[in-house]
Amino acid sequence: HSYGYAPSSGENLTSKISFKSDATYYFHITEPCRKVVEYSFSIYIHMKNILRGCLVAATLWMGVCLPSSAQRVSLKTNSLYWLAGTPNLGAEFRLSRHITLDLEGAFNKYHVSSFQTRMISFSPEVRHWFSRRPGTGHFVGGTSLISNYRFTLSGTTHNGDAFGVGPVYGYSLPLGRHWNMEASVGAGLVYYREKKYGTSEMVPEDVNHKGFTLAPLKIGLSFVYVIK
């Protein structure tokens, strides 16, 4: 960053700000706006890198693990998340006779009274089905969570990332040739790292609150459409 620039009389102040994205941006801004611009741009870059990593990992996994002869694809959405104001979509791929890979993503952003939230999450999950027909009956497996969040509750803001892993159990009930209703629940260990501050406090420059906690990773009542 270039600081300490003193314009001559009548000259506009032009700030030259270089970010880690290998791009240089020029803004006609005043000194108090510098940190606001830098902080907002760093959040954008951080979220974009998380999503890019998730998409690359999912693409590589599917390319290696999903032989074309074994593919059976289902699309799904969790009705409980919709009721909580969180749009979501998932896809499940058959890996073998009893094993499937489930990938789900969710997003929300809303403001209700003193509660504000913005969240984006990605949840890979591997399942073992006990029935001879994968996608129906009981299953157990391992689920995980990758999330970036920001919420304000009772005057305290939490802005950070969470990573979790744990067991999951569920049951899928066939409703027709292509439709199933699926219930699932999972919990496990979550690691979080965040900036935590009150409304009257300055936003911390670095993470000031992190740790491990036991928490629900998934609660679902999903509608499933089996493509093939």
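Quick note: numbers below take in every heavy atom, side chains included, and nothing from hydrogens, waters or symmetry partners.
- Remark: W82 pairs with no residue by the ring pair (Phe, Tyr, Trp, His ring centres under 6.0 Å) rule, at least two apart or across chains.
- In terms of hydrophobic clustering, with Ile, Leu, Val, Met, Phe, Trp and Tyr side chains grouped at heavy-atom distances under 4.5 Å, F93 and F122 are assigned to a common cluster.
- Judged as a side-chain contact (heavy atoms from CB on, under 4.5 Å), and not counting sequence neighbours, the contacts of F130 are H128, H138, V140.
- In this structure, L214 and L189 have side chains that are in contact, with non-hydrogen atoms separated by less than 4.5 Å.
- With sequence neighbours left out, H209 forms a ring pair (Phe, Tyr, Trp, His ring centres under 6.0 Å) with Y192.
- In this structure, T136 contributes its side chain and P174 its backbone to no donor-acceptor pair below 3.5 Å.
- Considering only heavy atoms from C-beta on, D161 stays 4.5 Å or farther from K210 through its side chain.
- Contacts of T86 classified as side-chain hydrogen bond (donor to acceptor under 3.5 Å, both in side chains), with partners at least two apart in sequence or in another chain: N108.
- Looking at every heavy atom in both residues, A187 comes nearest to P167 through O-CD, 3.1 Å.
- Of the possible donor and acceptor atoms, one in the side chain of N88 sits under 3.5 Å from a partner among the backbone N and O of N78.
- Taken to the nearest 0.5 Å, the CG atom of N159 stands 6.0 Å off from the CZ atom of R118.
- How far CG of N208 is from NZ of K196: 8.5 Å, rounded to the nearest 0.5 Å.
- Cluster membership for V73 and F139, using ILVMFWY side-chain heavy atoms within less than 4.5 angstrom, is not shared.
- Under the 4.5 Å side-chain heavy-atom criterion for Ile, Leu, Val, Met, Phe, Trp and Tyr, L101 and I146 are members of the same hydrophobic cluster.
- At a threshold of 4.5 Å between non-hydrogen side-chain atoms, the residues F151 and M119 do not count as touching.
- Side-chain atoms of K195 come within 3.5 Å of backbone N or O of E205 as a donor-acceptor pair.
- Remark: side-chain polar atoms of H178 are paired, donor with acceptor, to backbone N or O of V226 under 3.5 angstrom.
- For S121, the side-chain hydrogen bond (donor to acceptor under 3.5 Å, both in side chains) criterion is met by no residue, not counting sequence neighbours.
- For F223, there are no ring pair (Phe, Tyr, Trp, His ring centres under 6.0 Å) partners two or more places apart in sequence or in a different chain.
- The aromatic rings of F212 and Y191 sit tilted relative to each other, their planes meeting at an angle between 30° and 60°.
- Applying the 4.5 Å side-chain rule to ILVMFWY residues, one finds V190, L217 in the same cluster as L145.
- For I219, the CD1 atom is loosely surrounded, since the number of other residues' heavy atoms within 6.0 Å does not exceed 12.
- Applying the salt bridge (Lys or Arg N to Asp or Glu O under 4.0 Å) definition to pairs two or more places apart or across chains, those involving residues 165-191 are K76-E182, R127-E182.
- Contacts of S222 classified as side-chain hydrogen bond (donor to acceptor under 3.5 Å, both in side chains), with partners at least two apart in sequence or in another chain: none.
- No continuous path of ILVMFWY side-chain contacts below 4.5 Å connects W129 to I227, so the two sit in separate hydrophobic clusters.
- Every residue meeting the side-chain contact (heavy atoms from CB on, under 4.5 Å) condition with L221, not counting sequence neighbours, appears here in chain and number order: S79, L80, M181, A183.
- Shown here for G135 and N180, the closest heavy-atom pair between the two residues is O-ND2, 3.1 Å.
- Residues E125 and T100 form no side-chain contact, since every pair of their non-hydrogen atoms from C-beta on lies 4.5 Å or further apart.
- Of all heavy-atom pairs between S184 and K218, the closest is OG-CE, 3.4 Å.
- The backbone N or O of P124 lies less than 3.5 Å from a partner atom in the side chain of S144, making a donor-acceptor pair.
- Criterion: ILVMFWY side-chain heavy atoms under 4.5 Å apart, direct or through other members. Under it, F107 and L89 are not part of a common hydrophobic cluster.
- Taking CD1 from I120 and CZ from R150, the interatomic distance works out to 15.5 Å, rounded to the nearest 0.5 Å.
- Take Y110 and apply the ring pair (Phe, Tyr, Trp, His ring centres under 6.0 Å) test, not counting sequence neighbours, and it matches no residue.
- Annotation for Y81: hydrophobic cluster partners, listed by chain and number, are none (ILVMFWY side-chain heavy atoms under 4.5 Å, direct or chained).
- A heavy-atom distance below 4.5 Å is found between the side chains of Y225 and W179.
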